[in-house]
Amino acid sequence: MTRRFLFLLGSARPDGNTELLARRAAEQLPPDVEQQWIDLTDHPLPDFEDLRHDSDHVRAGEGPVARLLDATLAATDVVIASPLYWYSVSAQTKRYLDHWAGWLRTPGLDFKATMADRTLWGVTALAHEETSVADPLVGTLNHSAAYLGMRFGGVLLGNGSKPGDVLKDTDALARAKTFFAREAPLARYPYEAA
């Protein structure tokens with residue numbers, strides 16, 4: 001399967017630090033790798049309704065849910081580009097991930113098997129010098145990938161608060177040059193680590 005990267009932008013601010021860092025990393029991808037960029041703010045999802053004990057979900061035929069589902073299924077690599085908001089992913093990003101639960105319960109979709117062995121990546125900008133404050137965001141993405149049997153490429157962290165600040169983070173920009181070139185291991189929960 002030809003590699004196809006889906007970049008999901010989860011910032012409340014267009015052209016924010018997280019997007020700038022994600023675009024710097026994406027510039028390093030080979031030219032034959034397809035890229036699709038979707039700003040979750042431009043494609044608002046409805047609140048997720050948990051029907052797992054009532055009935056199965058029906059596959060959306062149109063609108064943001066259908067577009068994001070189709071883009072997700074077509075991707076070999078899903079990149080969550082969410083700023084660190086209150087120590088985790090943004091509301092738009094969380095809503096997208098919540099819809100994965102519905103897609104798991106959509107008859108005929110086999111979402112979990114389809115996503116297995118694909119790769120989940122993260123990119124985030126945070127306004128804190130200590131990167132450990134992003135551990136909840138990293139955990140959210142790692143555990144989501146582990147549940148689906150995906151690979152997890154980790155999270156590219158950059159520092160920035162005001163627009164454009166991340167472009168001054170030379171360490172993050174250096175990491176961006178090789179971020180997607182790394183081999184992503186199969187995601188594991190912490191208790192599975194050897």
Side-chain angles (χ1 to χ4, degrees), residues 1-11 17-38 40 68-84 87-90 93-94 96-97 99-100 103-104 109-126 130-160 166-167 169-194:
M1 179 181 240
T2 302
R3 286 187 84 183
R4 180 183 173 99
F5 275 70
L6 171 62
F7 290 85
L8 295 161
L9 304 175
S11 178
N17 287 304
T18 297
E19 181 179 348
L20 290 173
L21 187 57
R23 290 195 183 277
R24 285 294 175 99
E27 288 172 0
Q28 309 305 314
L29 289 169
D32 63 328
V33 172
E34 295 179 48
Q35 296 181 32
Q36 182 178 12
W37 293 77
I38 297 178
L40 294 173
L68 286 165
L69 171 59
D70 291 341
T72 302
L73 293 173
T76 59
D77 296 77
V78 177
V79 182
I80 301 293
S82 171
L84 185 71
Y87 310 102
S88 191
V89 295
S90 67
T93 302
K94 180 65 169 75
Y96 164 74
L97 292 172
H99 277 272
W100 284 16
W103 298 341
L104 285 165
L109 198 55
D110 210 1
F111 186 72
K112 189 171 186 175
T114 300
M115 298 306 289
D117 289 326
R118 296 189 184 189
T119 304
L120 183 65
W121 306 85
V123 179
T124 191
L126 56 150
E130 291 296 328
T131 59
S132 64
V133 300
D135 288 351
L137 180 145
V138 174
T140 293
L141 298 182
N142 177 74
H143 298 356
S144 298
Y147 182 78
L148 293 179
M150 298 177 74
R151 299 185 171 285
F152 183 55
V155 177
L156 175 60
L157 298 169
N159 188 274
V166 78
L167 299 177
D169 185 344
T170 55
D171 290 339
L173 296 176
R175 288 189 304 274
K177 290 185 179 194
T178 59
F179 184 64
F180 294 125
R182 299 176 302 123
E183 184 67 32
L186 195 61
R188 297 276 184 229
Y189 292 109
Y191 61 82
E192 296 176 318

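Only a predicted model underlies this, so the values are computations on that prediction, with no experimental measurement involved.
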_Per the side chain to side chain donor-acceptor pair (under 3.5 Å) rule, what does the pair list look like for residues 18-33, sequence neighbours excluded?_
Glu19-Arg23
*If you look at every heavy atom in Thr93 and Gly10, which pair is closest and at what distance?*
OG1-CA, 3.4 Å
*Could you tell me the separation between the CD atom of Gln36 and the CG atom of Leu8, rounded to the nearest 0.5 Å?*
8.5 Å
*Mind checking the CD-CG spacing from Glu34 to Leu29? Nearest 0.5 Å is all I need.*
12.0 Å
*Can you tell me how far the CE atom of Met115 sits from the CG atom of Leu73, to the nearest 0.5 Å?*
7.0 Å
_Looking at Asp169 and Asn159, would you say the former's side chain and the latter's main chain have a donor-acceptor pair under 3.5 Å?_
yes
_Spacing of OG1 belonging to Thr114 relative to CG belonging to Leu109, to within rounding of 0.5 Å_ = 6.0 Å
*So, the side chain of Thr178 versus the backbone of Ala181: is there a donor-acceptor pair under 3.5 Å, distance only?*
no
*asked:* According to side chain to side chain donor-acceptor pair (under 3.5 Å), who are the partners of Thr72, at least two apart in sequence or on a separate chain?
replied: Tyr96
*asked:* In the structure I gave you, are the side-chain heavy atoms of Phe180 and Val79 within less than 4.5 Å of one another anywhere?
replied: yes
*Heavy-atom pair of closest approach, residues Ala26 and Phe7*: CB-CZ, 3.6 Å
*asked:* Does Tyr87, at its OH atom, have more than 12 non-hydrogen atoms belonging to other residues, nucleotides or ligands within less than 6.0 Å?
replied: no
Side-chain donor-acceptor pairs of residues 136-149 under 3.5 Å, sequence neighbours excluded:
| from | atom 1 | to | atom 2 | distance (Å) |
| --- | --- | --- | --- | --- |
| Thr140 | OG1 | Pro136 | O | 3.0 |
| Asn142 | ND2 | Arg188 | O | 2.8 |
| His143 | ND1 | Gly139 | O | 3.3 |
| Ser144 | OG | Thr140 | O | 2.7 |

*What heavy-atom pair brings Trp103 and Leu68 nearest, and what distance separates the two atoms?*
CH2-C, 3.9 Å
*Please report the C-alpha distance between Arg3 and Asp77 in whole Å, then the side-chain angles of each, then the deciding distance to 0.1 Å, and finally whether the side-chain contact (heavy atoms from CB on, under 4.5 Å) criterion is met.*
CA-CA 7 Å; Arg3 286 187 84 183; Asp77 296 77; 2.8 Å; yes
*Measuring from Leu9:CG to Leu40:CG, what's the distance to the nearest 0.5 Å?*
7.0 Å
*Taking every non-hydrogen atom, the tightest pair across Ala176 and Leu21*: CB-CD1, 4.2 Å
*Test Leu126 against every option in Asn17, Leu157, Val166 by the side-chain contact (heavy atoms from CB on, under 4.5 Å) rule and name the one that passes.*
Leu157
*At their closest point, which heavy atom of Leu156 faces which heavy atom of Ala172, and how far apart are they?*
CD1-O, 4.0 Å
*Return yes if some donor-acceptor pair links the side-chain N/O of Arg182 with the main-chain N/O of Gly153 below 3.5 Å, else return no.*
yes
*Thr119 and Ala184: which non-hydrogen atoms are nearest, and at how many Å?*
CG2-CB, 3.6 Å
_Interatomic distance, Asp117 atom CG to Arg151 atom CZ [nearest 0.5 angstrom]_ = 5.5 Å
